[in-house]
> 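One structure, as structure tokens, below. Some questions next.
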Amino acid sequence: SSHLPRSPHVFPQHRLGVREPRDMQREIREVLGLPGRPRSRAPLATAQQPASAPLFMLNLYHAMTDDSGNGPPQPHLHRADLIMSFVNIVEHDRTLGYQEPHWKEFHFDLTQIPAGEAVTAAEFRIYKEPSTHPPNTTLHISMFEVVQERSNRESDLFFLDLQTLRSGDEGWLVLDITAASDRWLLNHNKDLGLRLYVETEDGHSLDPGLAGLLGQTAPRSRQPFMVGFFKASQSPVRAPR
Amino acid sequence: TARPLKKKKLNQVNQLPNSNKHLGIFDDGHGSLDREVCRRHELYVSFRDLGWLDSVIAPQGYSAYYCAGECIYPLNSCMNSTNHATMQALVHLMKPDIVPKVCCVPTKLSAISLLYYDRNNNVILRRERNMVVQACGCH
């Protein structure tokens, strides 16, 4: 090995130029998956009211970092290494003044889901207040994915989940939308549309708002949102530098 | 990120600790050779100081640690080393210009959880792997 070329095994040290730290930081943030440019915060007044999705995600963060295991059980948490919450960008209602059935629709922009992530679970969370329309009644709440919207007839829908509760119940209603993830992974650029119906025991369609289900006009801490639990594929390939 | 050190507590800035006197490998505890053996050192990375709190919600920073110190022949058990590193250290002693020293590097790393906003104001919770040094070794 004595005839090997001299290999300088001490790399030259140099101080970073003015621009370099910023470029390095941008590159490091990309590697960590943090957004490159500073996020523009909502107007101060609104930003100070706690919003539902960040509150929920902060609880998940504490559950993920709490080694004592005392916190409330989080079923999907420990199988995922990436959890994303989405606030809905558009909300449609077909309620009073239309022929039945009434429904409420929520659209989500999923373009920020990184490539190479497998969905382990997905939930739609909506807050229900006690309702007296009609009082003390059993309500069936069903959730569908809007697969294809049609201008001249009803959209193509895909059934996701059904929950039964009482009209006087209050709290967060969690609907399982994992079945919709097959399609959204194939086509990130298309918004995910979720449609919600409420029916009484005798099959009468009810306006979701009258049934106590809150939409985008609710206080920020009770607005609906969606959560996706992801597992990175085993060999994430990093883009060459 | 290295910046001129201000008079702040260690956990405020990304600061290297003061080097202090350590036992050298040939030293029997009486300080004949004042060189520090490869081991784990404190390093707190502050997202506040990096200016990342525009999107990072939690944590505000974390203890990352780093590995530093000498990897000197013979590499004994406390250096968490390998047979290969022992041979490289030996050859380095004979041909220092050709074969580099054995390096003090992380041998065990763990993840942290990071809660942040993405570009669309969605809130993301990510398990960032290999962010904290748990153990160092000569390799």
Side-chain angles (χ1 to χ4, degrees), chain A residues 1-10 15-16 21-22 24-25 28-29 31-42 51 53-58 60-65 77-78 80-87 89 108-114 225-232 236, chain B residues 1-4 14 45-64 71 87-104 109-132 134 139:
Chain A
S1 60
S2 57
H3 55 277
L4 277 177
R6 257 173 72 81
S7 63
H9 44 260
V10 177
R15 287 198 59 78
L16 296 175
R22 217 175 300 139
M24 270 179 69
Q25 283 217 31
I28 290 168
R29 286 175 76 138
V31 168
L32 293 177
L34 287 171
R37 59 175 173 72
R39 184 185 60 78
S40 55
R41 289 217 182 242
L55 283 172
F56 173 77
M57 294 297 282
L58 196 55
L60 282 192
Y61 169 78
H62 290 311
M64 199 182 237
T65 50
L77 188 58
H78 297 295
D81 44 36
L82 171 67
I83 301 150
M84 300 181 78
S85 67
F86 301 88
V87 288
I89 46 171
F108 295 90
D109 171 4
L110 304 183
T111 51
Q112 294 300 308
I113 297 178
F225 60 97
M226 183 192 126
V227 186
F229 297 81
F230 300 85
K231 187 85 178 159
Chain B
T1 41
R3 273 188 311 125
N14 310 327
V45 172
S46 163
F47 293 136
R48 175 182 301 281
D49 283 3
L50 288 174
W52 290 10
L53 293 190
D54 57 320
S55 47
V56 174
I57 302 169
Q60 305 257 319
Y62 75 102
S63 287
C71 289
M87 295 312 296
Q88 180 175 332
L90 173 61
V91 175
H92 168 71
L93 286 177
M94 297 152 53
K95 297 188 180 294
D97 292 341
I98 295 176
V99 174
K101 270 185 175 182
V102 177
C103 300
C104 178
L109 293 149
S110 59
I112 66 166
S113 299
L114 208 54
L115 187 68
Y116 59 93
Y117 284 103
D118 73 2
R119 288 187 183 85
N120 285 6
N121 274 349
N122 299 314
V123 176
I124 315 296
L125 174 56
R126 181 188 286 265
R127 210 186 304 268
E128 294 288 359
R129 290 183 274 211
N130 301 332
M131 292 284 276
V132 180
Q134 296 292 342
H139 289 275

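Sequence lines set the chain letters: A, B, ... in the order given, protein chains first and strands last, and positions in each chain run from 1. The structure displayed is predicted, hence computed values, not measured ones.
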> Is there side-chain contact between I28(A) and W52(B), with heavy atoms separated by less than 4.5 Å?
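I28(A) vs W52(B): side chains touch.
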> Between CG of L114(B) and OH of Y61(A), what distance do you get to the nearest 0.5 Å?
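The OH atom of Y61(A) is 7.5 Å from CG of L114(B), to the nearest 0.5 Å.
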> When you compare the side chain of I83(A) with that of I124(B), does any pair of heavy atoms fall below 4.5 Å?
no
> Are L50(B) and Q25(A) close enough that some pair of their side-chain heavy atoms sits under 4.5 Å apart?
yes
> Any chance you could measure N122(B), atom CG, to I113(A), atom CD1, to the nearest 0.5 Å?
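With rounding to 0.5 Å, CG (N122(B)) is 9.0 Å from CD1 (I113(A)).
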> Please tell me if the side chains of L82(A) and L125(B) come closer than 4.5 Å, counting only heavy atoms from C-beta onward.
no
> Is the closest side-chain heavy-atom distance between D118(B) and M84(A) below 4.5 Å?
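They are in contact (side-chain heavy atoms under 4.5 Å apart), so the answer is yes.
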> Which atoms of M131(B) come close to chain A, meaning under 4.5 Å heavy atom to heavy atom: side chain ones, backbone ones, both, or neither?
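The answer is the side chain of M131(B).
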> Would a 4.5 Å heavy-atom cut-off, applied to side chains only, mark L32(A) and E128(B) as touching?
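A side-chain contact exists here, since the closest heavy-atom pair is under 4.5 Å.
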> Which atom pair, heavy atoms only, marks the closest approach of P114(A) to R126(B)?
CG-NH2, 4.0 Å
> Are D54(B) and R29(A) ion-paired here, with the side-chain N under 4.0 Å from a carboxylate O?
yes
> Is a side-chain donor or acceptor of S113(B) paired with a backbone partner of M64(A) at a separation under 3.5 angstrom?
no
> Measure from the side-chain N and O atoms of R119(B) to the backbone N and O of Q112(A), and report whether any donor-acceptor pair falls under 3.5 Å.
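A pair under 3.5 Å: no.
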